[in-house]
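Quick caveat: nothing in here was measured; it's all calculated off a predicted structure. A, B, ... follow the sequence lines: proteins, then strands. Residue 1 opens every chain.
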Amino acid sequence: MEIKQLYREIVNEHNLHPSHKRNLDNPTMVLQGINPSCGDDINLQLKVKDGIIEDAAFNGSGCAISQASTDMMIDLIIGQTKEEALKLAGTFMGMIKGETTEEEIEVLDEAAALQDISHMPARVKCAVLGWRTMRQMVEELNRQEVKDADVTAAGSSECGAGPCGVK
Amino acid sequence: MNRLIEQYRRDFPILQGNDVIYFDNAATSQRPVQVMEAMRVFNDTCNANPLRGLYAWSVEATEAYERAREAVADFIGAAHAREIIFTRNTTESMNLVAYSYGLSVCRPGDEIVITVMEHHSNILPWQMVARQTGAKLVYMEPLADGTLTDEEIESKITSKAKIVSVGHVSNVMGVTNPIRKIADAAHAQGAVMVVDGAQSTPHMPVNVRELGADFYAFSGHKMMGPMGIGVLYGREDLLEAMPPFLTGGEMIEYVTRESATYAELPHKFEAGTVNAMGAVGLEAAIKYMKKVGFDLIMSQEELLTKRLMAALKEIPEVTVYGSSDPTRHCGIVTFNIEGCHPHDVSSVLDTEHVDIRAGHHCAQPLMKFMGVGSTARASLYFYNTEEEVDRFAEKVSKVRGWLGYGN
């Protein structure tokens, strides 16, 4: 997709009228994600309960691609488990690197429109900012859970086979 | 179009047969065939390692390299060719001064004075010197239009100053700084004057002695020369007293197992095999600039800048930074479009074959001072045309529409 078309069909709408640009009341975790070289700056907020991302929102400023990509990401991860969110992040990153098939990226819905960013190296970091920040947050939440589990009930099998081992 | 400009423009193969508007000349300029031809001749007739071999090709390569040095010395009004050190670029030249001179002379409590308008390559080396020596980095701040006032210069350059380092032309504001005045203030306090000439040398006649520069740095690739060749001019007595920056081959007189004596200027500062073909290309670029002449270069840039600023003024959502006087922009017009991030602006303009720079322009302290995160920048050179300026302005007026505003 030519970039002007990409803006017209997807990016502009999410940039100018984002669905999730607001503040959450009691976020479980808040993290700032920045691209120092562009000045892209987002403040991502997640509300997580029983391993499920119940709600998410963001604030910030930056280029249309960084803001729209974050807004589309939030559409996708609300209601998902942390693990599913990480998996989506993996698919998105793979798409941006040009390593995924058309079928694999179907799960990304609208966000799949950003696949042509893989041909625009200068814009890659804009597109992945939200995803990178979300992944960092989920990994941190997982680390905290493992730590809590170690302290409270050693031997809990919740994380036994999952991808949430301590790094 | 000016017939002479039309004629010179034909010397640039990259500008032929396409509709690209190349307005990123402050980042790097384009090269005419004459520069490529000079390098080809070097390559095809005398390519050998200069300054070493005892055979004809090496001797010829040495002569070509040293001829280029003479040409540079003459071009910037240096007293001797041995005051000309070839480097990779302005950044390396600034680092040479910082490591070799700055670390040698600065003591705790001394001050290094720069401006908030500097490119990172004229900030980071001094931050390093300050950190390592205990000297303090002091910033001069301009007015909103880029003017450095006499009061600012006099109040910031005090008897504590050891080094004053200022960009001749700001790569964001385009404003030409009053180097002579700053140099006089520096010298009155016993400090040396370092000038980053990366943005001025391609656009105006430079005489380092008239400017009062003790060190003067610039890059070949911004003035139609090849990438990878830059220059540091240094006053001979200062260079003589400085330790080498890099050590190794070529820069020695005599080496024992424990120590070495260094070569004479300028080779003391040119360790390792030099970029002789790049120097030859730079010499050809200088020759080309002299043929075009600074009168034509400056008048064409002024004409284009006036036209561009007038056209951008007609677009209500566009803000142009720096002076409202086009003659004070050196072909650099930095702007923003309301509601549009510069990276998005540059991306959509790219699809229209318009090349501009967007971001912080390696001048983050200035961005902060201007109160913006980043900006878009169009930078012109004499081979740009009025037709390009008109087409550019028309496309800029459409950017907001492409980014979803008002439709």
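- A pairwise comparison of heavy atoms in A/Tyr7 and B/Trp402 identifies CB-O, 3.9 Å as the closest pair.
- Around NZ of B/Lys136, the count of heavy atoms belonging to other residues, nucleotides or ligands within 6.0 Å does not exceed 12.
- Closest approach of B/His343 and A/Arg123 over heavy atoms only: O-NH1, 3.1 Å.
- Crowding of A/Glu102 atom CD: a count of heavy atoms from other residues, nucleotides or ligands under 6.0 Å not exceeding 12.
- At most 12 heavy atoms of other shown residues, nucleotides or ligands fall within 6.0 angstrom of atom CZ in B/Arg88.
- Between the NE2 atom of B/His341 and the CD1 atom of A/Ile65 there is a distance of 10.5 Å, given to the nearest 0.5 Å.
- In A/Leu16, the CG atom is crowded: over 12 heavy atoms of neighbouring residues, nucleotides or ligands sit closer than 6.0 Å.
- One finds the CG atom of B/Leu403 at 10.5 Å from the SG atom of A/Cys63 (value rounded to the nearest 0.5 Å).
- Checking A/Glu2, A/Lys4, A/Arg8 one by one against B/Val348, the side chain to side chain contact (heavy atoms under 4.5 Å, CB included) holds for a single residue, A/Lys4.
- Proximity to chain A involves both the backbone and the side chain of B/Ser347, based on heavy atoms less than 4.5 angstrom apart.
- Within 6.0 Å of CZ in B/Phe335 there are more than 12 heavy atoms belonging to other residues, nucleotides or ligands.
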